[in-house]
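Only one structure is covered here, and it is reproduced in the block below.
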Amino acid sequence: MAASLSTGLDVHFAIPQSDTKRPIFFTRRKFTIYCNSSKSSSKPPQNPPVKRTPSLSEQLQPLSTTTLPKKDQAGLLSKPKSTWVNPTKPKRSVLSLQRQTRSPYAYNPKVRELKLFANKLSDCDNSEEAFLSVLEEIPLEPTRENALLILNSLKPWQKTHLFFNWIKTKNLFPMETIFYNVTMKSLRFGRQFELIEELANEMVSNEIPLDNITYSTIITCAKRCNLFDKAVEWFERMYKTGLMPDEVTYSAVLDVYAKLGKAEEVVSLYERGVASGWKPDPIAFSVLAKMYGEAGDYDGIRYVLQEMKSLGVRPNLVVYNTLLEAMGKAGKPGLARSLFQELLESGLTPNEKTLTSLAKIYGKARWAKDALELWEEMKSKNWPMDFILYNTLLTMCADIGLVEEAEQLFMDMKKSQHCRPDSWSYTAMLKIYGSGGNVGKAMEFFEEMSEVGVELNVMGTTCLIQCLGKAGRIDELVKVFSVSVEHGIKPDDRLCGCLLSVVSRCESRADVDKVLACLHRANPRLVGFVKLIEEEVYCLDTVKEEFKGIISDTKDDARRPFCNCLIDICLSKNLNERAHDLLYLGTLYGLYPGLYNKTADEWSLDVRSLSVGAAQTALEEWMGTLAKTIMHEEAVPLLFSAQTGTGTHKFSQGLSNSFASHLKKLAAPFRQSEEKAGCFVAKREDLVPWLQSRLQT
């Protein structure tokens with residue numbers, strides 16, 4: 001007899017957007033599709049009609065192209081066959097799992113005896129001989145129900161696999177899907193994907209149907225084993241069979257696509273799942289948040305939050321932690337703070353990972369006030385602390401310059417039994433004292449590290465050398481460098497940049513030679529270039545080629561600091577023209593993007609990433625260019641500005657102050673902006689006459 005059935009289809013229509021980086025938002029329209037299904041047999045036909053099955057990539061196309069009917073099909077949906085539907089009967093979920101019916105063994109009075117025997121099998125030796133010997137003592141006949149109970153009770157995956165093979169050799173009853181599923185789940189715990197795939201192929205060969213649970217087990221095991229391509233392969237095979245993925249499978253495959261960097265597939269699969277009735281769980285949203293966070297996509301993170309609210313999904317602590325980490329990578333400290341407050345208001349208690357993420361965000365953003373409030377709240381509420389969190393908080397204190405708080409944290413670590421200070425803990429303290437110019441304390445910690453057996457790392461060496469260089473204590477600097485190298489420290493580009501910076505500050509030739517001798521042990525070519533730009537016979541083409549070679553061999557984050565320091569060295573030797581040449585080369589090779597900016601209303605100079613000497617050189621270069629523009633009587637805007645930024649670190653040298661002093665020395669008509677700190681502005685009517693007067697001198 002034919003039975004009628006209806007189901008709701010929730011379709012999402014994509015709204016075209018010009019910005020492809022922004023997440024796609026959807027409108028929903030609901031259709032009810034009526035169909036008749038035969039109740040004759042649940043077994044699939046042995047010889048299905050041959051037709052091409054669309055690939056998964058085709059199925060994951062935007063829903064507007066795959067779900068909307070074509071014009072000639074509109075009548076099929078607009079005039080369905082009249083079928084009565086019982087409005088009181090709940091509709092079957094599109095994603096309901098195809099579970100097997102409960103086995104009668106649950107009511108078997110011999111269950112206890114069989115479970116005791118299963119425990120005996122689990123405890124025996126792993127050899128096949130020992131296992132078969134115990135099997136001879138099986139208390140009851142291995143019927144389907146008894147065998148399934150024992151199989152489900154075995155713990156080590158090896159024993160489950162041995163028993164499964166033994167059942168097959170006995171050939172007492174047909175092997176069904178449920179036996180394979182139970183075995184595969186046990187193998188998944190042991191991360192035995194090859195065995196699982198072997199069983200799956202065996203099922204296909206023996207025409208044993210693979211159901212939802214089978215595919216879910218295969219896919220999730222492949223994911224756990226980091227075999228992401230295999231997970232995708234079996235997911236595609238699942239789609240071709242017409243089986244609908246369950247909640248676990250959807251979340252797992254979303255994570256797999258994200259790990260493979262296939263963002264479009266992640267979004268397409270998510271849209272298709274929601275449209276077919278899937279309600280994403282917190283794990284799925286955690287995957288989306290992590291993907292958008294690693295890409296620094298703030299709009300994507302916001303989209304995840306909006307989707308969770310619209311679907312009524314309450315975030316758990318794992319999701320909150322993932323979102324916080326994502327906001328840190330996206331550079332959104334304000335949003336992270338709001339999310340943390342939402343977490344507390346929801347009744348959840350932050351764990352070590354939550355607090356670590358927030359501390360990193362506040363430290364990176366230099367939010368001293370919020371960092372202090374977090375620290376006080378942690379102490380008052382006795383929130384959990386672990387080793388990583390302690391070091392993160394110390395680094396945060398170093399980034400912001402919170403000396404007293406760092407000292408208290410360090411003492412707490414010393415008193416702790418499980419979180420004793422390590423190399424990174426001492427490095428944070430060296431950075432704090434080095435930034436503050438407290439050479440005595442910095443050297444005290446350096447000596448203490450040797451006494452307690454904590455190894456110095458390259459970052460600690462860099463902080464200490466920077467501190468000693470600022471204080472002009474060159475002999476101690478040389479000693480620290482030598483001891484560090486003898487203890488296995490390999491100087492990196494950052495340490496070389498620090499030594500270059502010290503060279504620019506040295507007042508005597510003897511001190512310069514001492515520091516260059518240290519630098520020569522780390523980077524001989526860089527020392528050769530310093531000597532090249534100091535030579536009396538100077539050739540720009542030669543300097544250009546050598547500069548290009550050095551920069552090419554230097555890590556990206558150290559290239560601009562190298563150029564800044566080399567410019568400072570030229571200025572310290574009164575080689576101003578060569579300083580301008582180096583600024584030109586730095587600009588030529590992309591080290592100073594956004595240095596000069598123009599709009600119709602304003603021309604500006606941005607020196608926030610430059611050293612004091614490099615910023616002064618850039619200002620002079622800019623003034624020279626403006627003077628030529630005026631000399632040629634070209635049009636200029638009403639406003640000019642120079643941005644230095646404001647140091648948020650407690651011990652920041654203050655590029656803004658140095659820049660202001662240089663403007664005063666030049667008698668340039670730039671004034672500190674009243675609206676924006678670290679910004680100097682000049683009007684056209686003031687700057688043009690000043691530049692004209694300089695042209696006349």
Side-chain angles (χ1 to χ4, degrees), residues 3 5 7 9 33 35-61 63 65-67 92-101 174-185 187-188 193-225 227-257 260 262 265-266 268-278 284:
L5 123 80
T7 184
L9 179 62
I33 300 178
C35 60
N36 292 329
S37 62
S38 176
K39 200 177 178 181
S40 59
S41 173
S42 60
K43 187 175 180 180
Q46 297 297 324
N47 298 310
V50 179
K51 70 173 183 177
R52 180 182 174 275
T53 303
S55 67
L56 182 60
S57 60
E58 292 173 332
Q59 295 183 52
L60 294 184
Q61 291 177 358
L63 292 173
T65 62
T66 59
T67 306
R92 177 180 178 271
S93 171
V94 177
L95 295 174
S96 61
L97 300 181
Q98 296 183 7
R99 306 289 186 185
Q100 293 86 3
T101 57
M175 295 303 295
E176 304 170 23
T177 304
I178 189 171
F179 284 91
Y180 282 90
N181 287 347
V182 172
T183 305
M184 285 182 177
K185 283 190 175 182
L187 292 172
R188 183 176 61 184
F193 179 77
E194 290 184 4
L195 289 177
I196 288 179
E197 190 172 42
E198 182 180 313
L199 290 179
N201 290 326
E202 180 181 305
M203 292 177 72
V204 174
S205 300
N206 296 335
E207 297 185 354
I208 300 173
L210 283 70
D211 66 6
N212 230 319
I213 300 173
T214 316
Y215 281 107
S216 178
T217 306
I218 297 170
I219 293 166
T220 52
C221 182
K223 174 180 172 290
R224 290 183 188 182
C225 298
L227 301 172
F228 303 132
D229 290 333
K230 279 290 183 181
V232 172
E233 175 189 330
W234 278 96
F235 184 62
E236 290 182 346
R237 290 178 68 168
M238 181 182 187
Y239 252 93
K240 289 178 181 178
T241 64
L243 280 175
M244 184 65 67
D246 60 30
E247 293 87 343
V248 175
T249 310
Y250 261 124
S251 297
V253 177
L254 280 177
D255 194 24
V256 166
Y257 277 137
L260 289 172
K262 297 183 176 182
E265 283 84 349
V266 172
S268 296
L269 181 60
Y270 171 81
E271 295 166 4
R272 194 173 189 87
V274 172
S276 61
W278 171 52

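Note that the coordinates shown come from a computational prediction; the quantities given were computed from them, not determined experimentally.
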Q: Take Met238 and Asn212 through the test side chain to side chain contact (heavy atoms under 4.5 Å, CB included) and record every step on the way to the result.
A: CA-CA 8 Å; Met238 181 182 187; Asn212 230 319; 3.1 Å; yes
Nearest non-hydrogen partners of [X] and [Y], listed with the distance:
X	Y	value
Phe228	Lys223	CE2-O, 3.8 Å
Ser276	Met244	OG-SD, 4.3 Å
Ser216	Val248	OG-CG1, 4.0 Å
Ala284	Ser251	CB-OG, 3.7 Å
Leu187	Leu199	CD1-CD1, 3.7 Å

Q.
If you apply the rule side chain to side chain contact (heavy atoms under 4.5 Å, CB included), what do you find for Glu202 with Met175, and how did you get there?
A. CA-CA 11 Å; Glu202 180 181 305; Met175 295 303 295; over 6 Å; no
Do the side chains of [Y] and [X] get nearer than 4.5 Å, heavy atoms only?
X	Y	answer
Pro209	Tyr180	no
Phe193	Ile218	yes
Asn181	Thr217	no
Leu254	Tyr270	yes
Ile213	Lys185	yes

Q: Please list, chain by chain and in numerical order, all residues satisfying side chain to side chain contact (heavy atoms under 4.5 Å, CB included) with Asp229, sequence neighbours excluded.
A: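 Partners of Asp229 under the side chain to side chain contact (heavy atoms under 4.5 Å, CB included) test: Leu260.
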Q) Going from CD on Glu176 to CE on Met203, what distance comes out if it is rounded to the nearest 0.5 angstrom? A)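 One gets 10.5 Å once the value is rounded to the nearest 0.5 Å.
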Q | Gap separating the CZ atom of Arg224 from the CD1 atom of Ile219, nearest 0.5 angstrom | A | 13.0 Å
Q | Evaluation steps, side chain to side chain contact (heavy atoms under 4.5 Å, CB included), between Tyr215 and Thr241 | A | CA-CA 11 Å; Tyr215 281 107; Thr241 64; 3.3 Å; yes
Q) Listed by chain and number, what are the salt bridge (charged side-chain N to carboxylate O under 4.0 Å, His left out) partners of Glu194, not counting sequence neighbours? A)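 Scan of Glu194 (salt bridge (charged side-chain N to carboxylate O under 4.0 Å, His left out), adjacent residues dropped) gives none.
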Q. What's the verdict on side chain to side chain contact (heavy atoms under 4.5 Å, CB included) for Trp234 and Ile196, showing C-alpha distance, side-chain angles and the deciding distance?
A. CA-CA 12 Å; Trp234 278 96; Ile196 288 179; over 6 Å; no
